[in-house]
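Here is the structure we will look at, set down as structure tokens.
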Amino acid sequence: MVSLVEARPQDEAAATATLPATLPSTSTVPTTSSTSTTVTTTTLAPATTTTTVAPLAPAPPGFVEAVQAALADPRFEAATVGLAVWVEGLGMVVSHNAEMALRPGSNEKLLVAWGAYGVLGATGALLTEVRAAGEVAGNTLAGDLVLVGGGDPTLRSTGPHSLDRLAQAVRAAGITYVTGDLVVDESRFDGQRKAPGWTERHVPNFVGPLSAVAVDFNVHRTDPEYLAHPALGNLNLFRAALQARGVTVAGGERAGPAPEPAPVIAALRSPPVAGLVAQMLTNSDNFVAEMLLKAVGYYAKGLGSWDNGVAAVRELALEAGVALTGRAADGSGLSRENSRPAREWAELLAVARDQPWFDSFLGGLAVAGRTGTLANRFLGTPAAGNVRAKTGSVREARALSGYLTTAGGRRVVFSLVVNSNPVPVAVIAAMDGLVASMAASAA
């Protein structure tokens, strides 16, 4: 784990629910077999599609039958369904197209959570600094004032966590006049504003352009100049904040690295990483996901890029016993280049329970019928208040991966991914019915 800055206490309540120690904690699938149950479906999948719900370990009585009946829902017709289910003490008991790489939508954010906890740490924080590139004499800085970004996705222009607070700190340091330029240093991240596989409509409709210095989610302007250089565009907001606090910068605005040494005269820490991850998971926050993945890449590999962030997550997963074979092109799940088998999502969730950050991770997932993206789903079913999961929703994909407890007291890990072009709205109800059937099982 890389130490970022001085740790602050978590501001997210840790979940008390955990999976029993008997849940398998590696990616090894038990080899015990039993009679497979054939399910006939019509799909758009290639000829290699598996249409068998095959228990890979002895399943509790009635459990597989309930899954079989749910998969026969006609609302799944003309769609490809991938399903992997682990059951407490047994391992993988259901595998339906579980080896087929499917587009996961926002299930991609589960990878970011792994990276954020494993590299940044639950109590770590991302730092935005203001540095003096020159000598300070009296109230004058003879040189440049540099805004250095650390990838904080929550920085605002005004309010308690904002450019205004940084400007206030500059004034409190005694500086009222800067002879040089106002400079922005976004060198911790690469210059890629859009991930591979994003379309033109994704930015800024679904996520702001990426930069290590991000303000107001980088969506307060939509002109081409800003979309190409958001960090530079954010300097206008910082200049206004400085002026409002009585600090004048004589020079212009430009991008560039802060020279070394350049003393820090003001700094602002992000909320703890655990809080950022919870916001990302519960509400499926695209911008937080992309910023965190690049921050993971910076602290793990020296440069904040999608490739470096994904590489760090792959290494963490392999250390935990899961060899990831799918394709990850971004952190939010918007990219059309993302694909991964349902089995890998289930394995990641199964081994997550052995990680020291599991309670925080579990507490950050949306709760069925209660919070976030699941607040209005599973109402009045055995899954309500029971299922904790990450949703996924893009035109070609719907996904739901998480944890539940059966009516019989068995703890379950599952990943359900549905692909079609487009996915019919009715599929969501069919997915919820399948997951609710597992929750209702007396197994």
Scan L110, T371, T282 and name whichever one has a side chain to side chain contact (heavy atoms under 4.5 Å, CB included) with L365. L110

Are any of the side-chain heavy atoms of V423 and N419 separated by less than 4.5 Å? no

Side-chain heavy-atom pair V64, V94 within 4.5 angstrom cut-off: yes

With sequence neighbours left out, write down each residue that passes salt bridge (charged side-chain N to carboxylate O under 4.0 Å, His left out) with [X], or none if nothing qualifies.
X	value
D152	none
D185	none
E396	R103, R336

Contacts of type side chain to side chain donor-acceptor pair (under 3.5 Å), residue T381, not counting sequence neighbours: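 If we apply the side chain to side chain donor-acceptor pair (under 3.5 Å) test to T381, skipping adjacent residues, there are no hits.
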
So, using side chain to side chain donor-acceptor pair (under 3.5 Å) as the criterion, who are the partners of E315 when residues are at least two apart? K301

May I ask you to check whether [X] and [Y] show a side-chain donor-acceptor distance below 3.5 Å?
X	Y	answer
S106	S284	yes
T406	S441	no
S211	N218	yes
T325	E344	yes
S401	N107	yes

Report, as yes or no, whether the 6.0 Å neighbourhood of atom NE2 on H229 holds more than 12 heavy atoms from other residues, nucleotides or ligands. no

Check ring-ring contact (aromatic ring centres under 6.0 Å, His included) between [X] and all other residues, then give those that pass, not counting sequence neighbours.
X	answer
H161	none
F238	none
F287	F217
W357	W114, Y117, F361

Inter- and intrachain pairs under ring-ring contact (aromatic ring centres under 6.0 Å, His included), touching residues 330-352, at least two apart: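 Every pair satisfying ring-ring contact (aromatic ring centres under 6.0 Å, His included) with a residue in residues 330-352: there are none.
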
Answer yes when D190 and K294 have at least one side-chain N-carboxylate O distance shorter than 4.0 Å, and no when they do not.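 Yes, charged N to carboxylate O under 4.0 Å.
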
Are any of the side-chain nitrogens in R131 or E260 under 4.0 Å away from the carboxylate oxygens of its partner?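 Judged by the 4.0 Å cut-off on N to carboxylate O distance, R131 and E260 do form a salt bridge.
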
Salt bridge (charged side-chain N to carboxylate O under 4.0 Å, His left out): which pairs involve residues 360-383, sequence neighbours left out?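 Those involving residues 360-383 are R377-D432.
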
Consider ring pair (Phe, Tyr, Trp, His ring centres under 6.0 Å). Of W86, F414, F358, which one does Y403 pass it with? F358

Please check: side-chain N/O of N386 versus main-chain N/O of T405, any donor-acceptor pairing under 3.5 Å? yes

If the condition is side chain to side chain contact (heavy atoms under 4.5 Å, CB included), which residues does E99 pass it with, not counting sequence neighbours? R343

